[in-house]
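Notes for the one structure printed next.
In what follows, chains are A, B, ... by sequence order, proteins preceding strands, each numbered from 1.
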Protein chains: 2
Amino acid sequence: MTAKARGATLGDVAKLAGVSIATASKALNGRAQVRDSTREKVFRAASALDFVPNALARGLLFGQSGTVGLLTSDLEGRFSLPIMMGAEDAFGAGSTSVFLCDARGDPIREQHQLKALLSRQVDGLIVVGARPDPREPLSGDASVPVVYAYSPSTDPQDCSVTSDNVESGRLAAEHLVAIGRGRIGIITGDPSYGAAHDRVEGALEALARAGVTPVAEPLFGSWSEGWGRGAARALLDQHPDVDGVICGSDQIARGAVDALREEGRSIPGDVAVVGHDNWEILSTGSRPPLTTIDMNLQELGRRAANLLFDAIGGNPSHGVEKLPCRLVVRGSTLSTV
Amino acid sequence: MTAKARGATLGDVAKLAGVSIATASKALNGRAQVRDSTREKVFRAASALDFVPNALARGLLFGQSGTVGLLTSDLEGRFSLPIMMGAEDAFGAGSTSVFLCDARGDPIREQHQLKALLSRQVDGLIVVGARPDPREPLSGDASVPVVYAYSPSTDPQDCSVTSDNVESGRLAAEHLVAIGRGRIGIITGDPSYGAAHDRVEGALEALARAGVTPVAEPLFGSWSEGWGRGAARALLDQHPDVDGVICGSDQIARGAVDALREEGRSIPGDVAVVGHDNWEILSTGSRPPLTTIDMNLQELGRRAANLLFDAIGGNPSHGVEKLPCRLVVRGSTLSTV
DNA sequence: CTGTTAGCGCGTTCAA
DNA sequence: TTGAACGCGCTAACAG
């Protein structure tokens with residue numbers, strides 16, 4: 001009903017400029033075969049009318065919409081957010097817009113959203129999982145390029161980007177060794193997460209290479225402060241001489257730091273603690289602030305966007321790409337910081 | 001180039017079903033004038049071809065795209081996220097899709113995104129601010145309905161939804177009074193935030209109505225745990241008999257709880273503490289877990305979506321709508337919980 | 001009940 | 001250098 005109110009069309013511009021639609025189109029798109037004076041007339045008319053070209057019509061014409069879908073399984077999670085930012089960032093620079101969809105972790109909903117996205121003619125899809133563990137690929141051939149971010153696809157033919165959880169564990173361990181710690185404990189989260197095991201694996205590997213044996217078996221539990229506190233106390237109980245703790249997340253590290261301090265240990269003097277994820281709100285509020293591993297999730301989002309862009313352009317990638325992470329040193333391991 | 005690969009068109013379906021395009025269209029859209037057997041043929045052809053109607057073409061025809069823009073100033077912030085979820089939620093139920101754009105708080109970028117959104121023929125816009133304080137309306141008449149969420153527009157003719165920060169302060173104070181506290185202190189955050197003052201105002205109002213005079217002037221500082229700790233210690237120093245603290249955020253409350261406990265106060269036995277925002281990661285990890293005010297941001301997003309939907313349908317609203325908030329009782333005020 | 005025609009806004013032939 | 005005509009995929013009006 002109010003369809004016409006939306007905005008000026010190319011026809012309106014052409015009429016105002018006193019030229020044909022075709023000429024107006026050429027002028028605005030920088031085609032060469034237009035006299036300068038004509039081009040200027042057209043531009044003036046366009047700006048007078050606040051003309052905004054209709055991307056729908058353009059898309060219809062080219063079969064490309066200049067949009068991509070961002071299908072997340074879990075908007076709540078703190079992990080999908082930076083990834084979205086990175087993707088939005090990478091695309092925003094160009095002229096692609098991002099459709100946001102949250103499937104709430106429900107496969108049926110996901111299927112529904114997928115259809116909606118496809119009907120909007122998205123040129124490609126980024127699928128962001130809720131956990132770092134691999135996930136089933138999108139069911140029903142998507143007919144547009146897909147990049148899986150955070151949760152890689154279980155199909156190795158698909159294109160996936162994820163962060164390197166083995167390396168992150170390694171970084172944490174190497175840092176503790178580098179500052180002279182040799183009696184190291186490991187506390188991590190929910191054992192059903194592959195990332196928990198990967199991080200432990202990386203840590204153990206690095207410790208072994210440095211000739212350090214952990215004071216105890218890694219402690220698995222949950223991703224919570226409460227578990228971090230309890231596990232830290234248990235660790236202290238059985239190994240009072242522990243001088244370094246690697247934690248599977250900043251929540252755990254936060255709990256561990258609190259418990260250790262309450263047990264009279266100075267941090268990092270007596271015990272140094274490293275977390276994971278660089279969750280600012282937890283790591284900077286802690287006493288002392290937490291040294292942690294930043295998983296570079298925003299970069300992950302950017303990378304996913306670029307891979308998708310390439311795939312849309314005809315250069316698809318395959319397999320899982322693991323992005324490096326980064327040690328962030330704060331007070332919980334270095335008192336001078 | 002690969003334009004044709006995208007998917008089957010209505011023409012393909014019609015050909016396979018052996019009918020005309022128009023008939024196929026009518027059949028699929030549930031128009032009455034189609035024989036049942038024909039309709040069935042068409043449906044079979046459609047599903048055999050995995051036909052997905054092209055929303056771009058439909059949009060072109062109707063001048064409505066079935067999309068809305070979500071223009072946030074600050075994807076990083078924890079506040080825009082639940083609002084986005086709520087909006088996505090409310091729209092997702094119907095058949096509207098959401099374009100996500102982050103302006104990074106930059107007006108130029110915002111203008112750019114706005115143009116992109118308009119060119120994609122969005123039917124409406126939700127603008128999510130980074131702070132609860134009012135913001136300038138979108139410059140350059142938007143030609144589509146706009147709803148401001150979180151940050152209301154400074155123009156009262158615009159449609160805005162925000163949470164009621166006066167009420168939240170009131171709720172916090174009433175709760176403390178209800179559990180018998182009478183020597184109450186107030187610690188809040190950055191005084192440049194209007195919300196900080198609103199919450200204090202609500203609290204003072206409720207206290208006055210209950211005949212309670214705060215033990216001291218409200219303490220303004222920053223939205224950090226560190227400030228919460230420091231302010232709590234200062235409060236305790238000057239008013240050792242304080243038995244209740246209202247905090248302007250969960251970060252502050254978390255700091256206050258930690259400091260109070262370290263000063264030997266039992267919580268909630270000696271001092272009860274109420275936070276604001278219900279930031280789960282902070283409030284549930286705390287010892288004891290924090291009683292806090294949930295600002296119902298997700299509901300705010302839903303409401304914004306519904307208001308926008310109505311406006312698109314021709315029933316615009318004006319003015320600022322304040323949404324109620326909700327007390328969440330946990331261990332920091334009630335030991336039996 | 002079904003098919004033909006027109007046109008949404010745009011870019012691109014091709015002819016003038 | 002400009003303009004008329006066509007078609008992208010779809011639906012609504014009308015004709016059969």
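In this structure, the salt bridge (charged side-chain N to carboxylate O under 4.0 Å, His left out) partners of Arg131(A), at least two apart in sequence or on a different chain, are Asp133(A). A search for salt bridge (charged side-chain N to carboxylate O under 4.0 Å, His left out) contacts involving Asp158(A) returns nothing, not counting sequence neighbours. Residues forming a salt bridge (charged side-chain N to carboxylate O under 4.0 Å, His left out) with Arg135(A) (at least two apart in sequence, or on another chain): Glu110(A).
Applying the ring-ring contact (aromatic ring centres under 6.0 Å, His included) definition to pairs two or more places apart or across chains, none involves residues 13-40 of chain A. Among residue pairs with one or both ends in residues 84-99 of chain A, those qualifying as side-chain hydrogen bond (donor to acceptor under 3.5 Å, both in side chains) are Asp89(A)-Arg302(A), Asp89(A)-Arg104(B), Ser97(A)-Arg120(B); sequence neighbours excluded. Annotation: salt bridge (charged side-chain N to carboxylate O under 4.0 Å, His left out) contacts involving residues 314-325 of chain A, sequence neighbours excluded, comprise Arg303(A)-Glu321(A). Applying the ring-ring contact (aromatic ring centres under 6.0 Å, His included) test to pairs two or more places apart or on separate chains, those with a residue in residues 71-104 of chain A are Phe79(A)-Tyr150(A), Phe99(A)-Phe99(B).
If you take CG of Asn54(B) and P of dC10(C), they are 17 Å apart, rounded to a whole angstrom. What separates CG of Leu56(A) from P of dC10(C) is a distance of 11 Å, to the nearest Å. Regarding Leu10(A), its CG atom lies at a distance of 18 Å from the P atom of dG7(C), rounded to whole Å. Between the P atom of dG9(D) and the CG atom of Leu118(A) lies a distance of 15 Å, rounded to the nearest Å. Between the CG atom of Leu49(B) and the P atom of dG9(D) there is a distance of 13 Å, given to the nearest Å. Nucleotide dC10(C) holds its C1' atom 11 Å from the CD atom of Gln121(B), rounded to whole Å. For the pair Leu60(A) CG and dT11(D) P, the computed distance is 12 Å after rounding to whole Å. Rounded to a whole Å, the CD atom of Glu40(A) is 18 Å from the C1' atom of dT2(D).
Distances were taken from every side-chain heavy atom of Thr9(B) (C-beta onward) to each of dC10(C), dG3(D), dG9(D); the shortest belongs to dG9(D). For Phe62(A), taking side-chain heavy atoms from C-beta onward, the closest of the listed nucleotides dG7(C), dG9(C), dG11(C) is dG11(C).
Across the helix from dC1(C)-dG16(D) to dA16(C)-dT1(D), the helix axis at one end is tilted relative to the axis at the other end by 50° (nearest 10 degrees, each axis from five pairs).
Of the residues in residues 21-37 of chain B, Ala22(B), Thr23(B), Lys26(B), Gln33(B), Val34(B), Arg35(B) come within less than 4.0 Å of DNA chain C through at least one heavy atom, sorted by number.
Of the inter-residue distances, the one linking Ile126(B) atom CD1 with Thr72(B) atom OG1 reads 11.5 Å to the nearest 0.5 angstrom.
Within the 3.5 Å criterion, the main-chain N or O of Asp102(A) finds a donor-acceptor partner in the side chain of Gln113(A).
Note on Arg58(B): every side-chain N or O is 4.0 Å or more away from OP1 and OP2 of dG9(D). Taking side-chain N and O atoms only, Thr38(B) has no distance below 4.0 Å to OP1 or OP2 of dC1(C).
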